[in-house]
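Heavy atoms only: backbone and side chains are in, while hydrogens, waters and symmetry mates are out. In this chain, residues are counted from 1 in sequence order.
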Amino acid sequence: MRVTFEATALNELIEALQDAGYQVAGPTVRDQAIVLAEINSADDLPWGWGVTLDAGSYRVRRRADRAVFAHSAGPQSWKPFLHPARVPLWSAGRDGTMEPAPDEPPRYAFLGVRPCDLRAIQIQDRVLMRGEHADTAYARRRSGAFIVVVNCVEPGATCFCVSMGAGPGAEPGQDKGYDIALTEVVDDQAEGKGHRFLAEAGSDRGTEILAQVTHEPADEPTVHAARDAVTAAADHMGRTMEADGLHELMGATRESPRWDEVADRCLTCGNCTMVCPTCFCTTVEDVTDLTGEHAERWQTWASCFDVDFSYLHGGSVRTSPKSRYRQWLTHKLGTWHDQFGSSGCVGCGRCIVWCPVGIDLTEEVAALRDDLGETP
């Protein structure tokens, strides 16, 4: 099912999702950033807002048009909705009674998922839902999620999803990991049909929701305009990274002096792991109240930049910034292939933007290739 609908009909889409029992989450402007949060209507969306990105720099800005989704990835991915930063596991009393934490996750509809973030969700599915030790809580949250992906038509200066095969357009067709795919088209009212969306259902439930939105059959001018916008976005990536041979590169450059150079700048703050849409590591912590009558165990995010992350009996294995940054990058781009069959990077560029000293992994990979005499 492929249709077009006017931008004003976004409210109908949101209402249809709410009527179907979903809590709708999408981008909204808050605290001088475009963040992901629960929204109640289309009025909460970032109409006419864009962003300016660079290494270690993020700014929202007003656009000349009313585009809703013409902004690049913000400080959050969809990971906190599916793999929350802090989750209760169980509680216990002094009398020995133990209660598992209630786990009734909300049914979310994600409105405005970028193709790079869709790829990230699919990677986390592979990490957390497969194998002998699947995360059943993640699986419950994931199975209830409705995904409205929005093809990217305006990449940021730090985006390189094309290099990683993760964008800027979602792969069309049924069973591609989304329920509805949208492409935003903003034309001059005198020349085109104005502000509208090309919509394509990617599942049966996506077809059911689209049927409740005022729409018309997809017309050729809109189809061509949408296709051209996505193609243009692919040609205007702010960054590139040669992805072929990354697994071998990470192994061959373990002793490269480049790791010392990046360590001189790295603050080991862990921002890159917090904003990364695929980082998944967790730890557990036990807490008790002041009376000692009640205790709880919580699962929390962990970062390989923490000294305690590699703690074994006798001390931590990776104590230097060099060893911790190298662990993060070589796992993300190298040994991730061994574990999960793909790279752990989707080219969203968040780690570049939210690094306080502007470390750019695309530059680091290029420098490592130079050390080996490779020319991308």
query: Using 30° and 60° as the class limits, which term best fits the ring planes of Tyr325 and Trp259: parallel, tilted or perpendicular?
result: tilted
Phe305 six-ring centre to Arg324 NZ/CZ under 6.0 Å and within 45° of normal: no
When every non-hydrogen atom of Val68 is compared with those of Glu184, the smallest separation belongs to N-OE2, 2.7 Å
Students often mix this up, so state it plainly: with edges at 30° and 60°, are the rings of Trp301 and His83 parallel, tilted or perpendicular?
tilted
message: What verdict does the side chain to side chain contact (heavy atoms under 4.5 Å, CB included) test give for Ser303 and Met274, after you've listed the backbone C-alpha separation in whole Å, the side-chain angles of each residue and the deciding distance to 0.1 Å?
response: CA-CA 8 Å; Ser303 170; Met274 296 299 101; 3.9 Å; yes
One should read off an interatomic distance between Asn151 CG and Arg227 CZ, to the nearest 0.5 angstrom, of 13.5 Å
CG (Asp204) and CD (Gln174) are apart, to the nearest 0.5 Å, by 6.0 Å
With Ser342 as partner, the option from His337, Arg126, Gln122 fulfilling side chain to side chain donor-acceptor pair (under 3.5 Å) is Arg126
Practice task
Please examine the side chains of Leu36 and Phe81, heavy atoms only from C-beta on, and report whether any two atoms are closer than 4.5 Å.
Solution key: yes
| said: With heavy-atom distances below 4.5 Å as the criterion, would you say the side chains of Thr273 and Cys304 are in contact? | reply: yes
(request) Could you tell me whether the side chain of Trp298 reaches within less than 4.5 Å of the side chain of Pro88, counting heavy atoms only? (result) yes
| said: Between Glu364 and Arg265 (salt bridge meaning N to carboxylate O under 4.0 Å), is one present in this structure? | reply: yes
So CD of Gln23 and CD of Gln18: to nearest 0.5 Å the spacing works out to 9.5 Å
Salt-bridge present (Arg196, Glu6; N to O < 4.0 Å): no
Value for CG (Asp260) from NZ (Lys322), rounded to nearest 0.5 Å, stands at 4.0 Å
Audit row: Arg258, Asp370, salt bridge (Lys or Arg N to Asp or Glu O under 4.0 Å) steps and yes/no
CA-CA 10 Å; Arg258 183 68 183 187; Asp370 286 344; over 6 Å; no
**OP:** Answer with yes or no after comparing the ring centroid distance for Phe110 and Phe146 against a 6.0 Å cut-off, counting only values under it.
**Re:** no
SG of Cys345 to CH2 of Trp336, rounded to nearest 0.5 Å, is 10.0 Å
When rounded to the nearest 0.5 Å, the distance separating NE2 of His294 from CZ of Arg94 is 13.0 Å
Q.
Between His224 and Glu220, do the side chains contain a donor N or O and an acceptor N or O under 3.5 Å apart?
A. yes
Answer yes when Glu154 and Arg63 have at least one side-chain N-carboxylate O distance shorter than 4.0 Å, and no when they do not.
-> yes
Is it the case that Lys79 and Thr278 place a side-chain donor and acceptor less than 3.5 Å from each other? no
Query raised in the report: Is the closest side-chain heavy-atom distance between Met250 and Leu368 below 4.5 Å?
Result: yes
Any carboxylate oxygen within less than 4.0 angstrom of a Lys/Arg side-chain nitrogen, looking at Arg350 and Asp117? yes
| said: Whether the Glu12 and Thr214 side chains hold a donor-acceptor pair (N or O, under 3.5 Å, no angle test) is what I'd like checked. | reply: yes
Residues 308-321 vs side-chain hydrogen bond (donor to acceptor under 3.5 Å, both in side chains), sequence neighbours excluded, gives Ser320-Ser323
field: Donor-acceptor pair between Thr300 and Arg86 side chains, under 3.5 angstrom
entry: no
* Distance flag, aromatic centroids of Tyr178 and Trp78, threshold under 6.0 Å -> no
So the side-chain hydrogen bond (donor to acceptor under 3.5 Å, both in side chains) pairs with at least one residue in residues 246-256 (sequence neighbours excluded) are His247-Asp338, Ser256-Asp371
